[in-house]
Amino acid sequence: MYPDENVPEILTKPYNPTETEQRIYDKWLASGFFSPEKMIEEGIIKEDAETFTIVLPPPNVTGVLHMGHALMISWQDIMARFARMRGKRALWIPGTDHAAIATQSKVEAQIKKEEGKSRHDLGRDAMLARIDAFAQSSHDTIVSQVKAMGASCDWSREAFTMDDNRNLAVRTIFSQMYKDGLIYRGHRIVNWDPKGQTTIADDEIVYEERKAKMYTFKYSKDFPISISTTRPETKIGDVAVAVNPEDTRYSEFVGREYDAVFCGVPIHIKIIADKEVDKDFGTGALGVTPAHSMTDWEIADRHDLPRPQVINEYAKMMVGGENLLGKKTTEAREVIVEWLRAENLLEKEEEIAQNISTAERTGGIIEPLPKLQWFIAVNKEIPGRGKTLKDIMREPVESGAIKILPDHFDKTYFHWIDNLRDWCISRQIWYGHRIPVWYKGDEVYCGIDAPIGDGWIQDEDTLDTWFSSGLWTFSTLGWPNNTKELEIYHPTTVIQPGTEILFFWVARMILMTGYALDTIPFKTVLLNGMVRDSQGRKFSKSLGNGGDPIETAQKYGADAIRMYFAIASTPGTDTKLYEDKIKGYKHFANKLWNITRFVMARTDTAHWTATPAYTEADQTLRNEFDAIAQDVTKDIDAYRFYLAGEKLYHYIWSTFADTILEGSKQILDGTDADAKQSRQVLLATILRDSIKLLHPFMPFVTEELWSLIPHQDTDHELLMVSKWPN
RNA sequence: GCGCGGUUAGCUCAGUUGGUAGAGCGCGUCAUUGACGUUGACGAUGUCGGGGGUUCAAGUCCCUCACCGCGCACCA
């Protein structure tokens, strides 16, 4: 029986994360060491220490943190704490994202539900005030949750994608791009979301497979060619029938023009030949509707065709007689099909599977419409640079200046760039960065600030949220001001987004940084997959399948969730969440707690501070540990947290506790004084170094234990800034 | 249609450069008033999706097929 005289009272009870974590986080905050400048001031690191910079992918201010955020914070904090302990000038910049359409539609839905009002009932200013209030409260929740996960972010540098500094950055880069001719206003066919009443970018479209009816018919009895469509209501807007140039069935008609009255609407159809037409699809003839189909718009470009619009922003018919005018597209479709039947023009009706385009945020069915919008030209040469924005996006990944992990994602990335069209950046919503363009009569002014003089009216539209997110690595460091911080901390070291925002965000950051600073935003892109429930489903409120990391942290400790995500999740791959496993890591924290209790009970301070002199057997054990430590260091360096975490878990539990510690009992109770002394030092030093190695993964329990064990002079009283072993 | 990923123990997943198949959970047997029951010891379970190839040696490299997931394109 060993008296616990060397053991602090707190260690005699099981480890209690909920009692500990808040206290520890406050201690870290009070130290100021989340700011690298404070570490320099205290002499812990040198001013010229290598930098490690990471920006937090800013969570949307649309509510609360979810498991995906918990994963993201777990990995990033491992990197930040690891870098800090290795003596780097480590900076982790936190922030939140205004998320434009996501936030606005959330608040709109809430107001609609609770007060039955639309945003137009409230008006722009009142609506924006409501959104701001919501965003502020979401922000506060999110920040407290990020802290609860133990994130060692430098809160003094916290940013918001729509605060004053970031707004200045947006206006600055917009006007530069405008002057360079890379941003232009154009009347083009865009993805219109009738539900959200805004345009959206190509990559904001989500395709859903549905069954649809395809109708085959002729415009009129004497029209020579049959066409097929799933959307008969758009055919009022047809101006041509296109066939493949090689299609001999129709070659005699090419060049001819016909007039018809289609469901009461006069139309004029020209027969044209275009290579885009697949002669094996349907009848091999395509009714060309330039205003309501992307490909048809391009065909119209090539053949100089008119582009009459027949469907409006509310997905209702804007031409036709009483039977059509003002009707929803789905109703109009019925009307026209009935008319075709009555006129005996309908030749075939068949069910086909088709991909329908929906808006990512609102779920609205996309209606392609011609509209006057703002675009970024990705294929245009940048004045004085001899390359395009597409080149800027492609080059650093091609050359290896930016490394994507897992590396097979670079193929996906290049594929996306190759298919990229001009980026539509204007949105008809209110919440977001207002486009810095003003109009007066025919005059157009673009600048960082409003033009001088009366009568200027600012563009009503706001910018795609990813426009400001694209500036995140450098706008958070003070750009467009030429700050010292920008010089020191940029390009950042690594960024860690989910695979689903590789295009939305990663590509846009590379574009914006390459354009504005002629450099890269980061050197490594570490992608994480999605966190799903144990059945592989997405977490969602409607499913009620949980997914609240804070609730889970209260139950098992933030350390347990962090260790879980470190080990259970590999780059680029989805992770299913199992509570039992998280529970296992809570047990592990307690195991470490009890290991410390044992070691402290059988050692005294001298063993922790002595210069080690081991017996041969103990030296071997120490060497084994050193090898593990080196491995772990290499693994973290190479972003293999799952390997590092698992090695530590195993070493500490199976090797250190079950083998070394169990084997020590005999030695400690034995009569060989040298062996005993050696073993006591061994236990103390391996434990101390294990606590260090584990700190990036499980910062709370390790910091708490650190405060209880004796230290060497070379170590700091805070584990967070103590020296990494090896 | 093009591309990417996955398929390893009952379940969930590792397996970094090719060198005798691993972990956790679960399961079975046993132990224990001695740091910890949030414990310990021991144990069972695998034609590493199918087929072919390269190699002294393949879960790992190459080809091919199947199924699952995803991205892009098409979507008249």
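As the structure is a prediction and not an experimental result, all values here were calculated from the model. Naming: A, B, ... by sequence-line order, numbering from 1 per chain.
Rounded to an integer number of Å, the gap from CH2 of A:W416 to P of B:rC70 is 21 Å. A straight line from NZ of A:K665 to P of B:rU32 spans 14 Å, rounded to a whole angstrom. A:I582 places its CD1 atom 13 Å from the C1' atom of B:rC25, with the value rounded to the nearest Å. Rounded to whole angstrom, the span from the CD atom of A:Q354 across to the C1' atom of B:rC75 amounts to 6 Å. The CZ atom of A:R597 sits 10 Å away from the P atom of B:rG34 (whole-angstrom rounding). Residue A:F565 contributes atom CZ, which lies 13 Å from atom P of B:rC13 at whole-angstrom precision. Atom C1' of nucleotide B:rG24 and atom CE of A:M563 are separated by 12 Å, given to the nearest angstrom. One interatomic measurement links the two molecules: CD1 of A:I636 to C1' of B:rU16, which rounds to 15 Å at whole-angstrom precision.
Between the side chains of A:N191 and A:D202, at least one donor N or O lies within less than 3.5 Å of an accepting N or O. The closest side-chain donor-acceptor pair between A:T230 and A:K213, if any, does not fall under 3.5 angstrom.
Between A:R640 and A:M214, it is A:R640 whose nearest contact on RNA chain B lies nearer the 5' terminus. Taking the nucleotide of RNA chain B with the nearest heavy atom to each of A:G584 and A:D202, the more 5' of the two is matched to A:G584.
In the set B:rC75, B:rU16, B:rA35, B:rC75 carries the atom at the smallest distance from any side-chain atom of A:N355. For A:Y642, whose side chain is taken as the heavy atoms from C-beta onward, the closest listed nucleotide among B:rG15, B:rC36, B:rA23 is B:rG15. Residue A:L643 has its side chain nearest to B:rG15 when only B:rG15, B:rA35, B:rA23 are considered. Of the candidate nucleotides B:rC25, B:rA73, B:rU16, B:rU16 has the atom lying nearest to any side-chain atom of A:K647.
For residues 556-578 of chain A, no residue pair satisfies the ring-ring contact (aromatic ring centres under 6.0 Å, His included) rule, not counting sequence neighbours.
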When you compare the protein's N or O atoms with those of nucleotides 40-42 of chain B, which come within less than 3.5 Å of each other, and at what distance?
residue	atom	partner	partner atom	Å
B:rG40	OP1	A:K591	NZ	3.2
B:rG40	OP1	A:W653	NE1	2.2
B:rG40	OP1	A:D658	OD1	3.3

Report, one pair per line, the protein and nucleotides 1-12 of chain B atoms (nitrogen or oxygen only) whose separation is under 3.5 Å.
residue	atom	partner	partner atom	Å
B:rC4	OP1	A:K411	NZ	3.3
B:rU12	O2'	A:K581	NZ	3.4
B:rU12	O2	A:K581	NZ	3.1

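With salt bridges taken as basic N to acidic carboxylate O contacts below 4.0 Å, one links A:E349 and A:R341.
Separation of the P atoms belonging to B:rU16 and B:rA21 is 14 Å when rounded to the nearest angstrom. Remark: the separation of the C1' atoms in B:rA41 and B:rU32 is 11 Å, to the nearest Å. Remark: the separation of the C1' atoms in B:rG59 and B:rG18 is 10 Å, to the nearest Å. Here the separation of B:rG19 from B:rU55, taken at their C1' atoms, is 12 Å to the nearest Å. Rounded to a whole angstrom, the distance from the P atom of B:rA44 to that of B:rG49 is 23 Å. One P atom belongs to B:rA9, the other to B:rG24, and the distance between them is 16 Å to the nearest Å. Annotation: B:rC13 and B:rU29 have their P atoms spaced 29 Å apart (nearest Å). Using atom P as the reference point in both B:rC68 and B:rG28, the two lie 35 Å apart (nearest Å).
Ring planes of A:F656 and A:Y651: parallel class, angle under 30° (limits at 30 and 60°). Using cut-offs of 30° and 60° on the angle between ring planes, the pair A:F641 and A:W75 is perpendicular.
Among the heavy atoms of the strands, none lies under 4.0 Å from A:T575. Residue-level contact check: A:D296 touches neither bases nor backbone, having no heavy atom under 4.0 Å from any strand. Base engagement by A:V277 is indicated by at least one non-hydrogen atom pair under 4.0 Å involving a base atom. A:L11 comes within 4.0 angstrom of no nucleic acid atom, judged by non-hydrogen atoms across all strands. At a threshold of 4.0 angstrom between heavy atoms, the contacts of A:T230 are confined to the sugar-phosphate backbone, with no base atom among them. A:M600 comes within contact range of no nucleotide atom at all, as no heavy-atom separation falls under 4.0 Å. Nucleic acid contact class of A:N419 (heavy atoms, under 4.0 Å, all strands): sugar-phosphate only. Using a 4.0 Å heavy-atom criterion, one finds that A:I227 contacts no nucleic acid atom at all. Residue contacts for A:T295: at a heavy-atom cut-off of 4.0 Å it reaches the sugar-phosphate backbone alone, with no base atom in range.
For A:Y413, no side-chain nitrogen or oxygen approaches OP1 or OP2 of B:rG71 to under 4.0 Å.
Scored by the salt bridge (Lys or Arg N to Asp or Glu O under 4.0 Å) test, A:K555 finds A:E579 as partners (sequence neighbours excluded). By the salt bridge (Lys or Arg N to Asp or Glu O under 4.0 Å) test, A:D301 is found to be paired with A:R307, residues two or more places apart in sequence or in another chain being considered. Every residue two or more places apart in sequence or in another chain that forms a ring pair (Phe, Tyr, Trp, His ring centres under 6.0 Å) with A:Y15 is listed here: A:W593. Every residue was checked against the ring pair (Phe, Tyr, Trp, His ring centres under 6.0 Å) condition with A:H607, not counting sequence neighbours, and none meets it. Taking A:E233 as the reference, A:R231, A:R333 meet the salt bridge (Lys or Arg N to Asp or Glu O under 4.0 Å) condition, with sequence neighbours excluded. Partners of A:Y219 under the side chain to side chain donor-acceptor pair (under 3.5 Å) rule, at least two apart in sequence or in another chain, are A:D238. In terms of the salt bridge (Lys or Arg N to Asp or Glu O under 4.0 Å) criterion, residue partners of A:E662 (sequence neighbours excluded) are, by chain and number, A:K665. The side-chain contact (heavy atoms from CB on, under 4.5 Å) test applied to A:E343 returns A:K221, A:W339, A:L345, not counting sequence neighbours.
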Pairing pattern in dot-bracket form [Watson-Crick, G-U; both distances under 3.5 Å; | = partner strand] for RNA chain B: (((((((..((((.....[..)))).(((((.......))))).....(((((..]....))))))))))))....

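For A:Y649 and A:F697, the ring centers are positioned 6.0 Å apart or more.
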